[in-house]
Amino acid sequence: MSGKECFEILDKVFSPKNKENLDDIKGYTIKYGNIVNDREIIDEVLVSYFKAPKSYTTEDMCEINSHGGNIVMKKILELCLKNGATLAEPGEFTKRAFLNGRIDLTQAESVIDVINAKSDKEAKTAINQLEGALSKKISEIKKEIMDVMINIEVAIDYPEYDVEDATNQQILEMLNSVEEKLVKLSKSFDEGKILKEGIKTAIIGKPNAGKSSLLNAVLKEERAIVTEYEGTTRDTIEEFITIEGVPLKLIDTAGIRDAKDEVEKIGIKKSREIANTADLVIAIFDSSKELDREDIEILELIKNKKSIIILNKCDLEGKIDEKNIKLNESSEYIIKISALKNIGIDLLYEKISELFNLNQINIDNDVLITNIRQKDFINKAIENVKKAKETIGNKMTTDIVAIFVKDILEDLGSITGEFVTEDIINEIFSKFCLGK
Ligand code: GDP
């Protein structure tokens, strides 16, 4: 519970072993006792006390730790509600921390990212952001913009000094530096996206090429994370493996597994659909057979995609040459493996890592943008930097430059949450789960 009355409500439901005056209980204290309804003991619990402003929300807070289990937890919750508490909205605790100024919006957003992280790197990036790495970067850029503003004010206030040309040159240089930093941040979104959503990977190939054998080999080797979204069918099961800490999201694995008879097996048309939605296509061929028309069609459809060609069944006598022109025209990554005998799977990982520069995604030093909202505002800021530069180039008066520079400040403020509407705040926190 969080808020002014939380200790009052707690007092009605919690009977501590050693009763103390609330004023004598220090923050960061845990007390032992029972949750009671009239005289009935609901559970034996530990209660943590946090006193304002030293709490997650900066308000008075307490946390009841019961033995757990649905019935007991529900009873305790109901008891608190009966005694005056109200149920928290999704993300309400974090929202309060934001509204009370303890964290900014980028930090609040990173809380969901920490919770939903699917890989080590993603979790690390989120923690980085929670610690304020992005906020720090933004405020550095904001400081530079403030310096630009000061130069502009001088030019506006003292026109008689006729320093405009020199000042403009200086402003231009400062804007260039800001633009460079913003562009770098905006670009980092692609890396952030890879960390967050994983590389959407499709495995395609003719029936019997070895798709499901490859899938099994890969899933066996890695500790696969299988997520199943509530209320959906098997079709939407997503399987993740991680390579260099980056999640690979395998598309349509259910389709590959379920296709038992020839008719059901994934055809060219379906392969094209799958390949189109993927970031990476792994095209698998049975190397013990010559390439046929259908194989050529598959090679055609991966031509302009990030792809890896697998010559499978390398344990058998080969009928396809690695140097085959048709293969080399379609992808520069061609590897020989045996899915059945588990040969060459590590080669596949190496190539994927190479293709996406996974070992270069360095989350320790660099700040990554991981959500589209932040990226949109960075891009808006870049647009306004460009406009400000154009205005100077066109020899317009300095007060017009000032308008764009102020816009840049506002764009950056929207990222950290100084200038955001209530709707946006509500939308951000609606993505949280209850109790966070
Ligand atoms: P899919 O239709 O593309 O999913 O192909 P499967 O994975 O079901 O494989 C088709 C057949 O090829 C099965 O009998 C597999 O055991 C066999 N197979 C798959 N990979 C290999 C391999 O590397 N070597 C050999 N010798 N057989 C393989």
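Whatever order the structure lists ligands and atoms in, that order sets their numbers, starting from 1.
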* To do: May I ask you to check whether Tyr49 and Phe7 place their ring centers less than 6.0 Å from one another?
  => yes
* For ligand 1, which atoms sit closer than 4.0 Å to a heavy atom of Ser213? -> 6 (P), 7 (O), 9 (O), 15 (C), 19 (C), 20 (N)
* **Proximal ligand 1 atoms for Asp315, defined as those under 4.0 Å from one of its heavy atoms** => 22 (C), 23 (O), 24 (N), 25 (C), 26 (N)
* Hey, which atoms in ligand 1 end up nearer than 4.0 Å to a heavy atom of Lys206? -> 3 (O)
* To do: For the pair Leu134 and Leu185, evaluate side chain to side chain contact (heavy atoms under 4.5 Å, CB included) and give the outcome as yes or no after the intermediate values.
  => CA-CA 9 Å; Leu134 178 59; Leu185 270 183; 4.2 Å; yes
* ligand 1 atoms in contact with Lys211 (distance to a heavy atom under 4.0 Å) -> 1 (P), 2 (O), 3 (O), 4 (O), 5 (O), 7 (O)
* Asked: Does anything in residues 300-317 pair up under side-chain hydrogen bond (donor to acceptor under 3.5 Å, both in side chains), and if so which pairs, sequence neighbours excluded?
  -> Asp286-Lys313, Glu300-Lys303, Ser307-Ser331, Asp315-Ser338, Asp315-Lys341
* Asked: In ligand 1, which numbered atoms sit nearer than 4.0 Å to a non-hydrogen atom of Ser338?
  -> 22 (C), 23 (O), 24 (N)
* For Pro207, is the nearest heavy atom under 4.0 Å from an atom of ligand 1? -> yes
* Salt bridge Lys17-Glu44, side-chain N to carboxylate O under 4.0 Å -> no
* **Interfacing atoms of ligand 1 (cut-off 4.0 Å, heavy-atom, Leu316)** => 26 (N)
* Leu340 N/O under 3.5 Å from ligand 1 N/O -> yes
* Greater than 12 external heavy atoms within 6.0 Å of Glu140's CD -> yes
* To do: For the pair Lys436 and Glu92, find out whether any cationic side-chain nitrogen is under 4.0 Å from an anionic carboxylate oxygen.
  => no
* To do: Kindly identify the option in Lys313, Lys341, Lys336 whose heavy atom sits closest to atom 12 (O) of ligand 1.
  => Lys313
* Do Ala339 and ligand 1 have an N or O pair less than 3.5 Å apart? -> yes
* For ligand 1, which part of Asn312 has a heavy atom less than 4.0 Å away: the side chain, the backbone, both, or neither? -> side chain
* Asked: What is the distance from atom CD1 of Ile145 to atom CG of Leu182, rounded to the nearest 0.5 Å?
  -> 7.0 Å
* Decide salt bridge (Lys or Arg N to Asp or Glu O under 4.0 Å) for Lys406 and Glu410; before the verdict, give the C-alpha distance in whole Å, the side-chain angles of both, and the deciding distance to 0.1 Å. => CA-CA 6 Å; Lys406 272 195 191 123; Glu410 253 181 55; over 6 Å; no
